[in-house]
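Single-structure report; data block below.
Please read these numbers as outputs of a predicted model, since none were measured by experiment.
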Amino acid sequence: MSTIPEPGGAAARYEPETTGVSGWIMFAGVIMIIEGFLDAMWGLAAVINNEVVTVGGRGGVVVWDITAWGWAHLLIGTAVAITGLGLLAGMTWARWAGIFFVSFAAIIQFGTFSLFPLWSILIIGLCIVILYQLTARWEPEG
């Protein structure tokens, strides 16, 4: 056994390796891909079947044309899914787009808080964790 210190010392042996994509960034990317795909399919269904009939409490019938709503969901869902792919690749533009989409999702949850309080609290908490990972813990590959 030698008492001569190794080159680099103990600190060099125990430094964690930094990579561009952490586990939470991967989680955010996968969730954004799934959500974007489902949102795009929902929008595509609305474009294909663009007239919806609803019946009111007094028997009144309303026919809704949801074409514009469907196109909006198709385009936004595609953008969210592409952003998720960018996050998995460690792209900086995807980080900023992800911050925008996750912030928007957290704000939207306040509108449905009175309808689904537990779900809203869960989604807001998840958005906060993902925002923390996208802002404070982002380490670009280099």
Hey, does [Y] have a side-chain heavy atom less than 4.5 Å from the side chain of [X]?
X	Y	value
L118	L122	no
V52	V63	no
L38	W42	no
I99	L131	yes
L134	L87	yes
W71	L44	no
W24	F27	yes
V102	I128	no

Closest contact, heavy atoms only, [X] versus [Y]:
X	Y	answer
V47	G70	CG2-C, 3.7 Å
A46	I66	CB-CD1, 3.8 Å
I33	A81	CG1-O, 3.7 Å
A106	I124	O-CG1, 3.9 Å
A94	G86	CB-C, 3.4 Å
Q109	I123	CG-CG2, 3.5 Å

With side chain to side chain contact (heavy atoms under 4.5 Å, CB included) as the criterion, how do T83 and W93 come out once you've worked through the C-alpha distance, each side chain's angles and the decisive distance to 0.1 Å? CA-CA 8 Å; T83 301; W93 66 265; 4.3 Å; yes

[X], [Y]: one ILVMFWY side-chain cluster at the under-4.5 Å cut-off?
X	Y	result
L75	F37	no
L74	I48	yes
V30	M41	yes
I130	I31	yes
F116	I108	no

Hey, mind stepping through M32 and F101 against side chain to side chain contact (heavy atoms under 4.5 Å, CB included) and telling me if it holds? CA-CA 9 Å; M32 290 181 81; F101 286 130; 3.8 Å; yes

Is there a side chain to side chain contact (heavy atoms under 4.5 Å, CB included) between T54 and V61? Walk through the geometry before answering. CA-CA 6 Å; T54 58; V61 175; over 6 Å; no

Under 3.5 Å, is there a donor-acceptor pair between the side chain of R95 and the main chain of T135?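 Side chain of R95 to backbone of T135: a pair is present.
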
Over 12 foreign heavy atoms within 6.0 Å of CD1, I76: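 No, because the 6.0 Å sphere around CD1 of I76 holds 12 heavy atoms or fewer from other groups.
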
